[in-house]
A.B. asks: 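Attaching a single structure in structure tokens format; questions to follow.
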Amino acid sequence: MNFWDKLGTLDRRWIYLLVALSVIFPLIVPMSFKISITPEARQLFEAVDALPDSSVVMLTFDYYPSTVAETEPMATAALHHLFRKDCKVVTMTTIPLGGPSMAERVTRTVARKYNKVYGTDFVNLGYKANWVAVLKGMGTSIEAIYPADNSGTRLSELPLMATVKNYDDVSFIFVVADNDIVQNWVSIVNAQYGTPIGAGVTAVGAPKYYAFVGSGQLTGLLGGMKGAAEYELLADARGLAEKGMGMQSLAHLVIILMVIVGNIAFFAGRWSKKGKVK
Amino acid sequence: MSSVEIIQIWVAAFFTLAIFSFLYKDNPFYKLAEHIFAGLSAGYYVGLIWKAVIIQQLWDPMLAGSWWLVIPGILGVLMFARLWPRISWVSRIALAFVMGNTAGIFLITQLHGIVLPQMQSTMLALGGTAGFASALLAIIVVVGVISTLIYFYFSKEHTGVLGVTARVGIWFIMVSFGAHFGYTVMARISLLIGRVYFLADQWLPSFSQLF
Amino acid sequence: MLKHLKIRFLLTFLLTFVADYQLAAAQTSDDIFRVDRINALITFVLFSIAILLYIKWAKEGKPLFIRKIAGLDAVEEAVGRATEMGKPVLFIPGIQEIDDIETIAGISILGRVAKITAQYDTPLVVPVRYPMVLAAGQEVVEQAYIEMGKRDSYNRDIVRYVAGEQFAFTATVNGMMMRDRPAANIYMGAFFAESLLLAETGNAAGSIQIAGTARPEQLPFFIAACDYTLMGEELYAASAYLSHEPLMLGGLKGQDLMKVLIVVLIIVGIILMTLGFGDAFRNLFEAV
Amino acid sequence: MRTIVPVIVAFLAGFVMIVSFFFNPERTFFGRIESEVLVWVTIVGGFTLLLGVVSITRVNWHAVRTKKEGWVYNLFTLLSIFVMAIPAMLPVSWSQLFGDTEGSIYDWLFFHVDYPMMATMFAMLAFYIASAAYRAFRARNPEATLLLVTATLVMLWRIPMGEAFLIRVGDTLLFGYNLPESINTYIMNGANLAVQRGILIGAALGAASMSLRIMLGIERTYMGKG
């Protein structure tokens with residue numbers, strides 16, 4: 001086992017330590033950077049900003065607690081933007097594990113800052129099973145699928161829902177998701193009812209949805225924590241995502257370094273062996 | 001910070017560290033956290049379906065007169081027959097009803113909502129709309145889409161023109177997967193940042209309250 | 001007979017699309033029938049005909065050609081090398097339940113690998129995560145050993161249930177890799193975040209690694225860490241090639257015919273758009 | 001009988017959706033049927049979630065009863081299910097601890113135990129990616145090399161530090177060419193968009209083919225054997 005082989009098979013816990021340090025260090029020495037805005041993030045912001053005040057927007061909490069670091073800042077920044085524009089917000093979720101609880105808590109926290117009234121300014125529809133039928137069903141009648149809201153109040157008793165019967169009464173759908181539900185919002189709702197849809201997704205899913213932005217089926221796209229930081233900047237709603245970017249940068253450099261050094265150890269190891277064999 | 005908040009943060013911190021401990025090696029703390037997690041998630045589903053389906057979609061509407069909803073209710077209960085192999089065929093009707101409906105919706109949305117618009121948006125003028133850059137982009141997109149579709153074509157040997165197109169396709173696919181790789185790395189690090197931020201921003205300051 | 005039928009099929013499709021254009025123009029909102037969605041109807045009808053016809057031909061045993069997937073040669077080569085070195089082959093049919101399409105594809109490829117290991121008496125290890133996958137795996141492996149006339153060298157715990165929880169399963173399989181040091185690791189099926197851990201440990205154990213999954217977000221890691229990777233639909237094509245199961249084979253062939261149709265229409269659209277008068281043709285594909 | 005009835009039910013439940021797509025729902029009675037079928041599907045769909053709960057309870061109860069190795073952990077799972085589920089089903093009018101609103105046991109346990117654990121589960125992957133990047137990701141063939149080079153470029157582009165570096169590289173070596181912008185245009189909106197579109201079309205055809213087979217009762221594996 002020459003030097004290169006030893007370098008190539010370093011015990012993985014040393015590498016874990018290096019990653020941990022790269023994320024903790026910026027906490028001690030805060031690093032702030034200028035965040036550049038991608039055209040796709042600007043397109044989403046401008047589409048929401050162009051909406052006339054007090055128009056109805058549907059905000060969906062289609063993410064599991066496992067990806068809140070990327071998705072929650074997007075939902076929070078969107079809510080700041082929408083409430084500042086006096087838009088009426090209808091929230092819902094297709095995620096059975098935690099979806100309704102997170103939709104309730106995140107929306108009420110931001111609504112309190114703009115002293116919005118539940119029932120007239122915002123409503124949380126919560127969760128109903130089988131998202132295919134939910135997405136398709138709301139096309140004809142939201143009340144058929146959701147007889148009551150997340151807390152059990154009948155929809156007929158909520159003033160806001162009197163004006164929102166189905167997608168025709170919704171001006172924009174802002175989907176925040178960590179799974180393929182975005183593809184179904186596009187292929188069921190946008191394709192059949194024409195409601196414009198913008199999406200904030202985790203970085204794992206983002207590359208796939210460029211195809212929908214390109215075909216105009218998606219109006220703008222946020223990708224990962226950087227996408228959230230971009231929307232926070234655009235909507236002037238500074239939050240967690242922007243603070244995280246410093247730590248993100250150092251960790252990326254560590255990973256890039258790992259790939260390069262790993263490959264050097266691999267190739268150098270092979271050349272030195274070839275050298276001996278000849 | 002009130003004492004309730006401190007308890008909340010310490011409970012959350014305990015379970016966060018219990019899961020992280022798996023990095024060192026599998027241990028009783030991780031096993032305990034894992035099993036509690038499985039139980040709480042199952043319990044969450046019970047609370048959710050009890051409220052969202054049984055009360056809001058069955059009990060209340062039936063009380064208000066929509067008695068026919070007893071039919072989907074019975075179909076739903078029949079679903080439990082899947083748990084006992086001997087009578088699992090009873091659940092087939094309920095399963096077929098849901099799967100058939102989803103299949104009917106998907107059959108339309110995959111063709112009308114994905115294939116048609118994606119085909120249409122690939123019909124680009126190779127001259128581009130404004131100058132050289134947009135022409136280059138149009139050519140890249142057109143060549144990329146066609147070569148990817150040909151790469152995943154299985155009814156003819158990849159030889160001759162087809163072989164060359166497939167070869168070009170694999171290069172395009174590697175660039176796209178490289179982008180996927182970069183984005184996925186970014187995602188996992190953001191999730192780590194989220195947890196480290198919780199520990200540093202909420203848990204550590206709570207020490208000053210206690211000691 | 002097949003050949004010119006396909007050409008006639010393509011022509012009818014092109015002509016009906018042009019006819020659709022006049023009809024769509026006459027759409028008035030209170031019509032009962034959604035005339036503006038006739039392009040979807042045509043696509044739906046032609047798609048169904050293509051799929052059902054090929055399934056019928058597949059069931060009748062008509063010779064339906066599928067090219068051999070390069071990944072299968074890599075699998076056979078890797079198992080061959082394991083035989084020479086007298087070391088075991090480790091096969092994981094993904095970590096999803098039996099009703100997942102990728103697991104079904106993985107199991108059919110397992111059948112092929114089991115035939116080769118049976119023939120050369122190479123030790124085979126198949127850790128699984130669900131009881132139903134265990135049953136299906138044992139059935140396929142036993143069948144392969146019987147077919148190769150090696151019933152006596154088959155034993156029940158070639159396919160073994162390891163653990164239910166995702167990371168516990170990964171930790172146990174990693175332990176097996178470092179202990180047995182298999183010559184070849186083959187991952188065929190649905191994989192999630194643990195793909196990284198498996199491929200990395202397999203690399204450290206010095207095994208040849210071949211993977212196949214349809215999940216796009218895991219493919220980059222397998223490509224970077226394994227010697228060969230079956231990508232996306234190649235996994236299904238490989239299992240259709242091996243099993244000749246009519247449903248899979250017919251479905252695949254029908255989809256292939258639609259791909260030809262789509263590429264032809266896209267090229268026609270591009271030519272017309274580049275020449276400047278393609279908008280009329282392009283609007284035929286408008287999803288309303 | 002055991003397969004004919006479910007096959008007919010599957011076909012009708014799907015056929016309604018296809019017909020109502022091609023006919024104006026308001027102008028025909030199909031609209032009424034479609035809406036009712038969809039409501040029923042959301043109700044029946046809800047019970048499938050409870051299936052998982054019953055099987056988890058059964059597996060863990062069996063492990064505890066037969067004192068299987070490590071049965072104490074299974075006991076914790078059982079306790080967690082009931083501590084979470086029972087209070088949630090009791091009316092909030094009896095006590096603030098019941099139901100699922102803020103302040104209930106259900107809400108407290110979710111946000112302070114389940115939520116942090118789930119958020120941590122995938123955070124571990126950052127460590128695995130780093131060690132795999134170092135020990136396994138090799139430019140072993142031309143394709144893998146192209147993948148790793150693109151990945152490095154994208155990782156650099158997505159962080160402010162990296163972007164500044166790319167701009168400086170563009171200015172010094174490439175006569176002021178804006179590298180970051182061209183990554184977004186030619187990689188993300190070019191090659192990546194094209195490949196994702198190709199894969200999307202292929203996957204959509206596959207999903208439609210599976211849906212057609214399920215609706216016509218040709219594909220019945222989901223019904224199980226017997």
Side-chain angles (χ1 to χ4, degrees), chain B residues 8 11-12 15-16 19 31 35-40 42-43 45-47 49-50 53 57 72 75-76 79 89 92-94 96-98 100-101 103-108 110-111 114-115 118 140-141 144-145 148-149 152 172-179 181-182 185-186 188-189 191-192 195, chain D residues 2 6 9-10 13-14 17-18 21 40-41 43-47 49-50 53 56 73 76-77 80-81 84-85 88-89 100 106 112-114 116-117 120 122-123 125-127 129 143 146-147 150-151 154-155 158 190-192 194-195 197-198 201-202 204 207-208 211-212 214-215 222-224:
Chain B
Q8 284 169 193
V11 165
F15 282 104
T16 301
I19 296 287
K31 282 203 180 72
H35 279 79
I36 290 178
F37 167 71
L40 291 180
Y45 288 147
V46 173
I49 299 302
W50 172 260
V53 179
Q57 284 188 299
L75 272 178
M79 199 67 98
W89 64 273
R92 281 208 188 133
I93 296 169
F97 178 62
V98 173
N101 179 267
I105 297 173
F106 256 39
L107 194 45
I108 292 295
Q110 296 298 318
L111 299 176
I114 292 181
V115 172
Q118 292 297 316
I140 289 176
V141 167
V145 171
T148 305
L149 281 170
F152 290 111
F172 271 90
I173 289 169
M174 285 306 133
V175 171
S176 171
F177 281 171
F181 182 106
V185 164
M186 189 176 80
R188 304 306 184 204
I189 289 167
L191 301 182
L192 174 63
R195 292 326 291 158
Chain D
R2 286 191 183 182
V9 165
M17 303 314 299
I18 293 174
F21 173 79
W40 286 21
V41 165
I43 294 170
V44 178
F47 286 87
L49 267 178
L50 295 183
V53 178
I56 274 189
Y73 294 116
F76 269 99
T77 303
S80 311
I81 297 174
M84 189 77 160
M89 294 199 280
D100 69 345
Y106 183 84
H112 300 297
V113 181
D114 221 14
M117 271 203 276
T120 311
F122 287 98
L125 289 172
F127 295 104
I129 275 195
E143 286 91 354
L146 180 57
L147 187 143
T150 317
V154 166
M155 277 194 278
R158 285 300 283 180
N192 169 63
V195 169
R197 188 165 284 170
I201 291 174
S211 304
L212 179 70
I214 288 174
M215 222 186 83
Y222 69 91
M223 287 191 189

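So that the names make sense, note that chain A is the first sequence line, chain B the second, and so on, each numbered from 1. Scope of the values below: all heavy atoms of this structure, side chains included, with no hydrogens, waters or symmetry mates.
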A.B. asks: Mind ranking D:Ala88, D:Gly46, D:Ala207 by heavy-atom pairs under 4.5 Å with chain B and telling me who comes out on top?
C.D. replies: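 So the answer, after comparing D:Ala88, D:Gly46, D:Ala207, is D:Gly46.
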A.B. asks: Donor-acceptor pair, distance only, cut-off 3.5 Å: does the side chain of D:Thr77 make one with the backbone of B:His35?
C.D. replies: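 Yes: the side chain of D:Thr77 pairs with the backbone of B:His35.
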A.B. asks: Given the options B:Ala42, B:Gly43, B:Ala179, which has more heavy-atom pairs under 4.5 Å with chain D than any of the others?
C.D. replies: B:Gly43
A.B. asks: Non-hydrogen atoms of chain D under 4.5 Å away: do they reach the side chain of B:Ile49, the backbone, both or neither?
C.D. replies: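 The answer is the side chain of B:Ile49.
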A.B. asks: So which of D:Gly190, D:Ala151, D:Gly202, D:Gly198 has the biggest tally of heavy-atom pairs under 4.5 Å with chain B?
C.D. replies: D:Ala151
A.B. asks: With chain D as the partner, which of B:Gly182, B:Gly144, B:Ala103, B:Ala94 has the greatest number of non-hydrogen pairs under 4.5 Å?
C.D. replies: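 Result: the option with the highest number of such pairs is B:Ala103.
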A.B. asks: Heavy-atom pairs under 4.5 Å with chain D - which of B:Leu75, B:Val46, B:Ile173 has more of them than the others?
C.D. replies: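 The option with the most such pairs is B:Val46.
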A.B. asks: Under 4.5 Å, counting heavy-atom pairs only, tell me which of B:Val175, B:Leu111, B:Val98, B:Val115 racks up the most with chain D.
C.D. replies: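 So the answer, after comparing B:Val175, B:Leu111, B:Val98, B:Val115, is B:Val175.
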A.B. asks: Measure distances from D:Val154 to the heavy atoms of chain B and classify the residue's part below 4.5 Å as side chain, backbone, both or neither.
C.D. replies: side chain
A.B. asks: From B:Leu40 CG over to D:Tyr106 OH, what is the distance, rounded to the nearest 0.5 angstrom?
C.D. replies: 10.5 Å
A.B. asks: With a 4.5 angstrom heavy-atom cut-off, which part of B:Ile114 approaches chain D: side chain, backbone, both or neither?
C.D. replies: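 The side chain, not the backbone.
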A.B. asks: In terms of heavy-atom pairs under 4.5 Å with chain B, which of D:Val9, D:Val113, D:Asp114 leads?
C.D. replies: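 Ranked by contacts with chain B, first place is D:Asp114.
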A.B. asks: Nearest 0.5 Å, what's the CD1-CZ distance between D:Ile43 and B:Phe97?
C.D. replies: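 Result: 9.0 Å between the selected atoms.
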A.B. asks: Distance check, rounded to the nearest 0.5 Å: D:Met84 atom CE versus B:Tyr45 atom OH?
C.D. replies: 11.0 Å
A.B. asks: Report the distance from atom CD1 of D:Ile18 to atom CD1 of B:Ile108, rounding to the nearest 0.5 Å.
C.D. replies: 5.0 Å
A.B. asks: Once rounded to the nearest 0.5 Å, what's the spacing between atom CG of B:Leu192 and atom CZ of D:Phe122?
C.D. replies: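 Answer for the CG-CZ pair, B:Leu192 versus D:Phe122, is 14.0 Å.
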A.B. asks: In terms of heavy-atom pairs under 4.5 Å with chain D, which of B:Leu149, B:Ile93, B:Ile19, B:Ile105 leads?
C.D. replies: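 With the most close heavy-atom pairs to chain D, the winner is B:Ile19.
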A.B. asks: Could you check which of D:Ile56, D:Val41, D:Ile214, D:Asp100 has the highest count of heavy-atom pairs closer than 4.5 Å to chain B?
C.D. replies: D:Val41
